[in-house]
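Below you'll find the structure, written out as structure tokens, and then a few comments.
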Amino acid sequence: MTASGLAAAAPTAVICGIGAHVPDRVVTNRDLVARLDTTDEWIRSRTGIASRHMVPPGTATSDLAVEAGGRALVSAGGPPPDAVVLATTTPDRPCPATAPEVAARIGLGGAAAFDVSAVCSGFLYALAAGSGLIASGTARQVLVIAADAFTTIVDPADRGTAVIFGDGAGAVVLRSGRRDEPGAVGPVVLGSDGRLSGLIEVRAGGSRQRSSGLPAGPGEEYFRMRGRETFRHAVERMSAASREAARAAGWRPADVDRFAAHQANGRILSAVAAELGIPAERALSNIERVGNTGAGSIPLLLAQAAAEGSLAAGHRLLMTAFGGGLAWGAAALVWPDVKAC
Ligand code: COA
């Protein structure tokens with residue numbers, strides 16, 4: 001699916017605000033080494049991560065989403081959004097969706113609000129959904145939030161995942177605009193392969209296990225990932241989707257000023273950038289400080305890069321993500337003149 005296929009006359013979603021939030025609590029590699037069979041050297045060299053943020057007891061995804069969403073609204077100014085799309089892997093509860101509560105707490109009660117479930121590709125899927133609401137005339141302003149309290153589903157005793165994931169959220173505000181404006185979203189490329197759903201999963205807690213009448217097996221309530229196999233698919237899918245989005249935008253690799261890939265693993269990021277021929281210095285990264293924050297990864301990265309000045313107005317930005325589902329995506333846009341909050 002490419003957004004460039006939309007009718008020329010249709011309104012286009014334009015990014016006009018961005019915000020992010022991470023919980024205060026920082027967990028360093030040294031903290032993990034104290035309780036897991038691992039080393040700081042292994043974590044840094046195999047993942048590129050030195051520390052990550054973790055929600056304190058009792059904090060939920062909605063708390064992160066409210067903070068990030070509120071900041072994005074401050075960044076945007078302008079009229080209140082009439083829709084809220086929340087990408088998350090870790091909803092507050094299995095039912096109902098978390099977005100309506102987030103909308104109400106931000107002061108957007110009455111707005112359309114729903115969750116998008118696409119694991120680490122959630123932000124790009126939610127961006128596409130929000131852009132579609134604008135293109136169809138259903139909404140004029142959309143708040144797209146991506147938030148995960150990933151540490152709440154990670155097995156603290158699993159060294160293969162506990163060292164990677166952290167918590168965080170990012171959000172953008174979309175307004176109705178023109179396709180040739182900076183910030184106009186698109187082209188967007190999305191894809192999935194459900195045959196490989198078992199590579200990344202939480203087995204228990206859904207209708208499959210509940211209808212069996214059997215309790216969850218040991219550890220089945222936790223997130224499991226077959227890391228080595230996932231690694232290969234991540235590089236292949238993010239490279240291919242990025243190529244497709246860049247081609248649809250009419251960009252060669254040399255035209256890409258900034259590359260923002262889902263912060264899955266430092267080695268994956270380097271491999272994808274190299275595969276695409278994008279110089280390493282154009283690849284944005286914050287994985288060393290925040291780890292893999294799931295759906296929130298890309299908007300958190302963009303907000304931090306915009307605040308620090310490494311992402312600036314006029315930059316041709318290529319984004320890509322990959323995760324459970326399997327689901328992946330990529331999107332191209334020219335970064336607008338927005339102040340990150
Ligand atoms: N500390 C020390 N050793 C560890 C470890 C840790 N934290 N985690 C795993 N190991 C060990 C394994 O047990 C294994 O030991 P063995 O050879 O004795 O069996 C060895 O390191 C290699 O394991 P492997 O899983 O092949 O490591 P890896 O280099 O692939 O790194 C990941 C593991 C998870 C970091 C990596 O596979 C990864 O990032 N995968 C993709 C993640 C991703 O893209 N997810 C999708 C988006 S969320």
Side-chain angles (χ1 to χ4, degrees), residues 27-52 87-90 117-125 146-168 170 190-194 196-202 222-242 260-273 275 283 285-288 290-301 319-330:
V27 177
T28 64
N29 290 351
R30 188 189 296 188
D31 296 328
L32 294 175
V33 168
R35 62 175 179 79
L36 284 170
D37 180 17
T38 188
T39 62
D40 176 52
E41 203 282 327
W42 193 96
I43 303 170
R44 282 178 191 266
S45 63
R46 306 307 291 169
T47 72
I49 300 167
S51 63
R52 71 288 291 147
T88 187
T89 321
T90 55
S117 178
V119 197
C120 296
S121 298
F123 174 69
L124 293 183
Y125 271 76
D148 265 325
F150 228 103
T151 60
T152 62
I153 57 170
V154 163
D155 179 351
D158 177 10
R159 66 178 183 172
T161 53
V163 303
I164 297 175
F165 290 94
D167 303 328
L190 302 173
S192 76
D193 185 352
L196 296 172
S197 61
L199 286 189
I200 296 173
E201 65 176 338
V202 178
Y222 288 125
F223 174 92
R224 298 288 178 208
M225 176 170 70
R226 303 219 297 265
R228 198 175 291 181
E229 283 168 86
T230 304
F231 193 111
R232 183 171 59 79
H233 290 289
V235 174
E236 279 177 20
R237 293 303 186 180
M238 286 203 279
S239 301
S242 298
H262 164 52
Q263 304 287 289
N265 177 316
R267 288 184 295 136
I268 292 178
L269 304 180
S270 308
V272 175
E275 177 76 25
S285 183
N286 62 353
I287 192 168
E288 186 180 5
V290 301
N292 180 338
T293 53
S297 173
I298 290 180
L300 176 59
L301 174 65
M319 302 177 274
T320 187
F322 171 90
L326 300 177
W328 57 84

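Computed from a predicted structure; not experimentally measured. Indexing begins at 1, ligand by ligand and atom by atom, following the structure's order.
- Where the criterion is an N or O separation shorter than 3.5 Å, residue side chain and backbone included, H262 fails it with respect to ligand 1.
- Of the protein's heavy atoms, W42 CZ2, 3.6 Å lies nearest to atom 21 (O) of ligand 1.
- Taking 4.5 Å as the limit, every side-chain heavy atom of T47 sits out of range of all side-chain heavy atoms of I287.
- At the top of the distance list for atom 22 (C) of ligand 1, counting protein heavy atoms only, stands R228 NH2, 3.6 Å.
- At under 3.5 Å, not a single nitrogen or oxygen of T39, backbone or side chain, sits near a nitrogen or oxygen of ligand 1.
- Close approach of ligand 1 to T47 is summarised as follows: ligand atoms under 4.0 Å from at least one heavy atom of the residue are 35 (C).
- Rounded to the nearest 0.5 Å, atoms OG1 (T230) and CZ (R228) are 11.5 Å apart.
- The shortest distance between side-chain heavy atoms of Y125 and L190 falls below 4.5 Å.
- Residue, atom and distance of the protein heavy atom nearest to atom 1 (N) of ligand 1 are T38 OG1, 2.6 Å.
- The aromatic rings of W328 and F322 sit parallel, their planes meeting at an angle under 30°, below the 60° perpendicular limit.
- Residue, atom and distance of the protein heavy atom nearest to atom 13 (O) of ligand 1 are R159 NH2, 2.8 Å.
- Atom 41 (C) of ligand 1 lies below 4.0 Å from at least one non-hydrogen atom of the protein.
- Shown in contact with V163 at under 4.0 Å from a heavy atom are these atoms of ligand 1, numbered in order with element: 7 (N).
- At distances below 3.5 Å, not a single donor-acceptor pair connects side-chain atoms of D193 with backbone N or O atoms of L326.
- If you number the atoms of ligand 1 from 1 as listed, the ones under 4.0 Å from a heavy atom of A264 come out as 44 (O).
- Judged by distance alone, with hydrogens and angles left aside, the side-chain atoms of R159 form a donor-acceptor pair with the main-chain N or O of D37 at under 3.5 Å.
- The shortest N or O to N or O distance between G323 and ligand 1 is not below 3.5 Å.
- In this structure, atom 37 (O) of ligand 1 has a protein heavy-atom contact shorter than 4.0 Å.
- Of the heavy atoms in N292, only side-chain atoms (C-beta onward) come closer than 4.0 Å to ligand 1.
- Taking the six-membered ring for Trp and thresholds of 30 and 60 degrees, F150 and F223 have ring planes more than 60 degrees apart, a perpendicular arrangement.
- More than 12 non-hydrogen atoms from other residues, nucleotides or ligands lie less than 6.0 angstrom from CZ of R35.
- When side chains are defined from C-beta on, R52 counts as touching L32, because their heavy atoms get closer than 4.5 Å.
- In this structure, the protein non-hydrogen atom closest to atom 47 (C) of ligand 1 is F322 O, 3.4 Å.
- Looking only at distances, a side-chain donor or acceptor of N265 sits under 3.5 Å from a matching main-chain atom of R46.
- A donor-acceptor pair is defined here as one N or O able to donate and one able to accept, closer than 3.5 Å; such a pair exists between the side chain of D167 and the backbone of T151.
- Ranking protein heavy atoms by distance to atom 31 (O) of ligand 1, first place goes to R267 NH2, 3.6 Å.
- Residues E288 and R44 form a side-chain contact, since some pair of their non-hydrogen atoms from C-beta on lies under 4.5 Å apart.
- Only the side chain of N265 comes within 4.0 Å of ligand 1, counting heavy atoms alone; its backbone N, CA, C and O stay farther away.
- The atoms of ligand 1 that sit less than 4.0 Å from any heavy atom of G227 are 37 (O), 40 (N), 41 (C).
- Within the 4.0 Å heavy-atom criterion, the part of I164 lying near ligand 1 is the side chain and not the backbone.
- The one candidate from V154, L199, I164 that meets the side chain to side chain contact (heavy atoms under 4.5 Å, CB included) condition with M225 is I164.
- Within a 4.0 Å radius of atom 26 (O) of ligand 1, the protein contributes one or more non-hydrogen atoms.
- Put simply, atom 44 (O) of ligand 1 has protein non-hydrogen atoms near it, under 4.0 Å away.
- Per-atom contact check: atom 16 (P) of ligand 1 does not touch the protein, criterion being a heavy-atom distance below 4.0 Å.
- When each atom of ligand 1 is checked for a heavy atom of R46 under 4.0 Å away, the hits are 29 (O).
- At a 4.0 Å cut-off, at least one heavy atom of I200 sits close enough to ligand 1 to count as contact.
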- CA sep, side-chain torsions, deciding dist, call: Q263, S285, side-chain hydrogen bond (donor to acceptor under 3.5 Å, both in side chains): CA-CA 7 Å; Q263 304 287 289; S285 183; 2.9 Å; yes

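- Any N or O atom pair closer than 3.5 Å counts here, and T230 shares no such pair with ligand 1.
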